[in-house]
Protein chains: 2
Amino acid sequence: MSGTKEKIVSMADRLVRTKGFNAFSYKDIAAPLDIKNAAVHYHFPAKCDLGVEVIEQEIEKFREQTGKWKQLPENEQLARLVDVFRQHNSQGNICLMGSLATDFETFAPAMQTKVQEMADGIVTWLTQCLEQGRKNKCIHFKGAAHARALLIMSNLQSSLLLSRVMGPTAFRSIADQLMEDLCQK
Amino acid sequence: MSGTKEKIVSMADRLVRTKGFNAFSYKDIAAPLDIKNAAVHYHFPAKCDLGVEVIEQEIEKFREQTGKWKQLPENEQLARLVDVFRQHNSQGNICLMGSLATDFETFAPAMQTKVQEMADGIVTWLTQCLEQGRKNKCIHFKGAAHARALLIMSNLQSSLLLSRVMGPTAFRSIADQLMEDLCQK
DNA sequence: AAATATACTTACTTAGTAGTAAGTAAGCAA
DNA sequence: TTGCTTACTTACTACTAAGTAAGTATATTT
């Protein structure tokens, strides 16, 4: 165990969120970690393997975080989710889903499947959170919970993209409006 | 005049929307048009020039379309805009803004500026449409029109991205919910 | 008829890219 | 102490990218 593998994944995660999956190379990972190109290939033979690992860690992280919020009221859980995006925004990151969705068609099947797995996981959690929140009267919305979950997810995803182009206030504006719509009615 | 230049731009537009700006090469344009790589360079010396042209044509197209809708009620204008996205969705395209926002950080300054110009144009139009629509009581929403415009734009943008990953029903779900929220209250 | 411009092609350079094959140093295991 | 594994490095291959220089065919102008 050297920690190098973890550093590679973390570097890749950052690069996917800043430049996009197709826009970084093994060199971009190797150079700042002061290892050689081939060392990255040792841990991840193909770039696809690295991509899959990055997504798997994100799925795991999401599961952990949402698990911790279980006892909170649903509107609070939603606020925490928005906060995760807020943090990414302040670090200049875009969301993993947003970044990977753009390049989706260029991915190997194994990676496409993983991206879908991640998307399904987030939407499923969000749908349940909304449904339960409506039952407990702390979240208010019209229509099906699943449709609303897609709407919210799309907002969070794009808010980070728009922020990059239109300045970081775009995120705040979207996030605030979103929470207001859902929680103060 | 040979029409080749127009074909190149149209091909590039399609490629940006399907694969992303960094994921296609001049070869991907030249081969299907049965011309050589260098012919593309003849019309667009650098890839950045091609990108700028694609965006400029999109800005022009947006201006033309919205111009045609001027006499319509604002909720109808909004419906037309959603319809433009619906067409892209059925063709497997993602929106130009969404695609370019992901790769934004990797662009040359000239292209970054053009992307911002396009974003500003869309948001400005949408903000005015919403404001006027609220005044005329055919569009209903809370909060500032500008914030709402960002929210809607982010929805349309991401709906195409999510559709690609989660299947084309995702778009319909988001678009329907969106129009319902704004127009039937 | 000669000069010029347009729209390319041919053939190339430079600078990457992912990926691999072979070697090595350090540590542990029998 | 010999062998095996881990975690790399060195040195490469095969390929693709953007971009360029020089030449050519065709049409247009003078």
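Numbers restart at 1 for each chain; the letters A, B, ... are given by sequence-line order, proteins then strands. Just so you know, these numbers use all the heavy atoms, side chains as well, and skip hydrogens, waters and symmetry mates.
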Task: CD on E56(A) to CD on E117(A), rounded to 0.5 Å - done: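 Answer rounded to 0.5 Å: 7.0 Å.
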Could you list, one pair per line, each protein nitrogen or oxygen that sits under 3.5 Å from a nitrogen or oxygen of nucleotides 17-24 of chain D, together with the distance?
{"unit_1": "dA17(D)", "atom_1": "OP1", "unit_2": "S25(B)", "atom_2": "OG", "d": "2.9"}
{"unit_1": "dA18(D)", "atom_1": "OP1", "unit_2": "K47(B)", "atom_2": "NZ", "d": "3.4"}
{"unit_1": "dA18(D)", "atom_1": "OP2", "unit_2": "Y26(B)", "atom_2": "N", "d": "3.0"}
{"unit_1": "dG19(D)", "atom_1": "OP2", "unit_2": "K47(B)", "atom_2": "N", "d": "2.7"}
{"unit_1": "dG19(D)", "atom_1": "N7", "unit_2": "H41(B)", "atom_2": "NE2", "d": "3.1"}

Distance, rounded to the nearest Å, where [X] contributes [atom1] and [N] contributes [atom2]:
X	N	atom1	atom2	answer
K36(A)	dA25(C)	NZ	C1'	16 Å
L33(A)	dT9(D)	CG	C1'	15 Å
D34(B)	dA7(C)	CG	P	18 Å
I29(B)	dT16(D)	CD1	P	17 Å
I35(A)	dA25(C)	CD1	P	19 Å
I8(B)	dC8(C)	CD1	C1'	10 Å

TODO: Show your working on salt bridge (charged side-chain N to carboxylate O under 4.0 Å, His left out) between E58(A) and R17(A) and close with a plain yes or no.
DONE: CA-CA 12 Å; E58(A) 177 70 9; R17(A) 291 182 203 266; 2.7 Å; yes
TODO: Look at H43(B) and dT6(C) and indicate whether a side-chain polar atom (N or O) is within less than 4.0 Å of OP1 or OP2.
DONE: no
Task: Candidate pair N89(A) and S159(A), rule side chain to side chain donor-acceptor pair (under 3.5 Å), full reasoning - done: CA-CA 9 Å; N89(A) 185 56; S159(A) 63; over 6 Å; no
Task: Face-on cation placement of K19(B) at F104(A) ring, 6.0 Å and 45° thresholds - done: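 No, a cation-pi geometry is absent between K19(B) and F104(A).
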TODO: Please examine the side chains of R86(B) and R172(B), heavy atoms only from C-beta on, and report whether any two atoms are closer than 4.5 Å.
DONE: yes
Task: Lys/Arg-Asp/Glu bridge criterion (N-O < 4.0 Å) met for D181(A), R148(B) - done: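 R148(B) and D181(A): salt-bridged.
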